[in-house]
K.L.:
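Below you'll find the structure I mean.
Quick note on labels: first sequence line is chain A, next is B, and so on, each numbered from 1.
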There are 2 protein chains.
Amino acid sequence: MNLQKKLNQAGLRHTHARQVVMSILEEATIPLSPQSIYQRSLEKNEDIGLVSVYRTLELLDEFSLIRRVHGREDCHGYVLASPGHHHHLVCRECEKAVEFTGGDDLSGLLNRIQQETGFEVEGHLLQLFGLCPECQKGKENHA
Amino acid sequence: MNLQKKLNQAGLRHTHARQVVMSILEEATIPLSPQSIYQRSLEKNEDIGLVSVYRTLELLDEFSLIRRVHGREDCHGYVLASPGHHHHLVCRECEKAVEFTGGDDLSGLLNRIQQETGFEVEGHLLQLFGLCPECQKGKENHA
DNA sequence: TCCTTATTGAAAAATATTATCAATAAGGAA
DNA sequence: TTCCTTATTGATAATATTTTTCAATAAGGA
Ligand SMILES: [Mn+2]
Ligand SMILES: [Mn+2]
Ligand SMILES: [Zn+2]
Ligand SMILES: [Zn+2]
């Protein structure tokens with residue numbers, strides 16, 4: 001379900017600022033911070049306030065239209081998320097983030113940990129880091 | 001290997017500020033932000049500067065003596081980390097964080113993703129969320 | 001005890017996030 | 001289309017967080 005629909009459904013308005021933030025996220029291949037989204041809006045000559053970026057991100061997060069992706073050192077940025085359960089794989093070189101589905105690969109692990117710790121496991125955060133195909137090629141050229 | 005040793009080995013000094021930050025992390029059961037570490041140092045009447053907290057955390061991180069743990073909404077905090085590869089399980093109620101070892105439960109998943117995406121996977125971030133044994137009991141009482 | 005210098009922490013600067021509130025525009029009704 | 005109502009915006013100010021600077025301090029070897 002797209003933004004327009006979610007907004008109507010929630011009785012909220014389909015505004016310019018919200019469209020701009022959404023479109024920037026749609027065009028992006030790497031996780032973006034509020035600041036960098038704001039920067040890109042300026043470059044696109046789409047004047048929106050930084051405050052609206054924060055507010056829209058909060059909204060999109062509630063709608064599960066975006067997800068936080070954590071960097072290795074830095075903190076997190078936001079990327080568009082397709083519906084359903086999945087995780088992200090991030091390139092350490094170009095920062096590109098792609099989705100992957102977890103399948104039930106974790107169920108074994110989860111059960112084991114639940115037994116061992118007595119915790120009732122409710123959710124998980126999984127991210128992979130590595131080198132994307134393009135950046136692997138880049139490396140070869142330097143050899 | 002403990003802090004004292006790591007410091008000597010690196011030709012750095014075993015100072016008061018560093019000891020205080022380390023001891024606060026050793027006493028903690030939940031991930032702590034720089035600010036909260038600073039607060040606790042005040043409560044312990046161990047006057048250290050906030051700047052030293054930041055600097056020490058950076059150092060401890062380089063030494064792999066601590067690790068960042070990400071919250072569900074909030075950002076991350078730091079917890080003591082035992083040597084070797086492992087992950088954290090965090091209680092959604094009391095925020096307590098406990099370690100668990102990943103084993104090779106992920107190797108299947110990692111291989112599959114590597115095949116599917118062409119990425120060369122180098123590392124991962126895995127965290128579990130749930131309810132700790134104590135907080136499960138607390139819930140029952142309310143039933 | 002003395003010296004050298006890595007380290008500290010107060011203060012300022014730079015960033016990042018949140019709160020306020022009058023002006024605006026989204027979008028339903030007429 | 002035009003008119004209303006009000007959710008939303010964004011400039012500004014207020015907070016909070018992180019980094020930089022630099023003279024004073026203390027760690028620890030000689
Ligand atoms: Mn984070
Ligand atoms: Mn999963
Ligand atoms: Zn790449
Ligand atoms: Zn708990």
Side-chain angles (χ1 to χ4, degrees), chain A residues 2-25 31-63 65-66 68-78, chain B residues 2-25 31-63 65-66 68-78:
Chain A
N2 62 356
L3 177 56
Q4 169 114 34
K5 227 166 213 167
K6 295 254 188 188
L7 287 169
N8 286 336
Q9 190 173 311
L12 301 176
R13 294 174 182 176
H14 191 224
T15 70
H16 183 236
R18 285 167 181 167
Q19 290 175 52
V20 171
V21 171
M22 192 63 181
S23 74
I24 288 173
L25 286 166
L32 298 178
S33 66
Q35 295 289 341
S36 62
I37 291 175
Y38 177 65
Q39 287 307 323
R40 293 189 181 203
S41 81
L42 294 180
E43 291 164 11
K44 291 180 79 171
N45 283 93
E46 298 286 355
D47 274 36
I48 61 173
L50 176 58
V51 203
S52 289
V53 174
Y54 278 97
R55 286 187 289 223
T56 301
L57 287 174
E58 195 179 336
L59 193 68
L60 295 177
D61 194 39
E62 286 169 10
F63 285 166
L65 289 173
I66 59 175
R68 295 196 307 167
V69 170
H70 300 275
R72 230 46 194 308
E73 349 258 85
D74 329 273
C75 209
H76 53 259
Y78 295 87
Chain B
N2 61 358
L3 177 56
Q4 169 114 34
K5 225 164 213 167
K6 294 254 189 190
L7 288 169
N8 286 336
Q9 190 173 311
L12 302 176
R13 294 176 183 176
H14 192 222
T15 69
H16 182 236
R18 284 167 181 167
Q19 290 176 51
V20 171
V21 172
M22 192 62 181
S23 74
I24 288 174
L25 286 167
L32 298 179
S33 67
Q35 295 288 341
S36 62
I37 290 175
Y38 178 63
Q39 287 306 324
R40 293 189 181 204
S41 81
L42 294 181
E43 292 163 10
K44 292 180 78 170
N45 284 92
E46 297 285 357
D47 275 35
I48 62 173
L50 176 57
V51 203
S52 289
V53 174
Y54 278 97
R55 285 186 289 222
T56 301
L57 286 174
E58 196 179 336
L59 193 67
L60 294 178
D61 194 39
E62 285 169 11
F63 285 165
L65 289 172
I66 59 176
R68 295 196 310 166
V69 170
H70 299 276
R72 229 50 194 307
E73 348 258 86
D74 328 274
C75 209
H76 53 259
Y78 295 87

K.L.:
Quick check on contacts: within residues 5-19 of chain B, what sits under 4.0 Å from DNA chain C by heavy-atom distance?
P.N.:
B:Leu12, B:Arg13, B:Thr15, B:Ala17, B:Arg18
K.L.:
What residues form a salt bridge (charged side-chain N to carboxylate O under 4.0 Å, His left out) with B:Lys44, not counting sequence neighbours?
P.N.:
B:Glu27
K.L.:
In chain order, what residues pass the side chain to side chain donor-acceptor pair (under 3.5 Å) check against B:Ser33, with sequence neighbours excluded?
P.N.:
B:Ser36
K.L.:
Quickly work out the A:Leu42 CG to D:dA11 P distance and round it to whole Å.
P.N.:
10 Å
K.L.:
When the axes are fitted on five pairs at both termini, how much does the helix from C:dT1-D:dA30 to C:dA30-D:dT1 curve, in 10° steps?
P.N.:
40°
K.L.:
Each nucleotide N or O in nucleotides 15-19 of chain C that has a protein N or O under 3.5 Å away: list the pair and distance.
P.N.:
{"residue": "C:dT17", "atom": "OP2", "partner": "A:Tyr54", "partner atom": "OH", "Å": "2.3"}
{"residue": "C:dT17", "atom": "O5'", "partner": "A:Tyr54", "partner atom": "OH", "Å": "3.1"}

K.L.:
Kindly write out the residues that satisfy side chain to side chain donor-acceptor pair (under 3.5 Å) with A:Gln4, not counting sequence neighbours, or none if the list is empty.
P.N.:
A:His14
K.L.:
Please, which pairs that meet side-chain hydrogen bond (donor to acceptor under 3.5 Å, both in side chains) have at least one residue in residues 45-54 of chain B, sequence neighbours excluded?
P.N.:
B:His16-B:Glu46
K.L.:
Residues in side chain to side chain contact (heavy atoms under 4.5 Å, CB included) with A:Leu12, at least two apart?
P.N.:
A:Leu7, A:Ala10, A:Arg18, A:Leu59, A:Phe63
K.L.:
From CD of B:Gln39 over to P of D:dA16, roughly how many Å is that when rounded to an integer?
P.N.:
11 Å
K.L.:
Could you note down all residue pairs passing salt bridge (Lys or Arg N to Asp or Glu O under 4.0 Å) where residues 2-13 of chain A supplies at least one of them, sequence neighbours left out?
P.N.:
none
K.L.:
Tell me, please, which residues at least two apart from B:Val69 pass side chain to side chain contact (heavy atoms under 4.5 Å, CB included).
P.N.:
B:Pro31, B:Val79, B:His88, B:Val90, B:Gln127
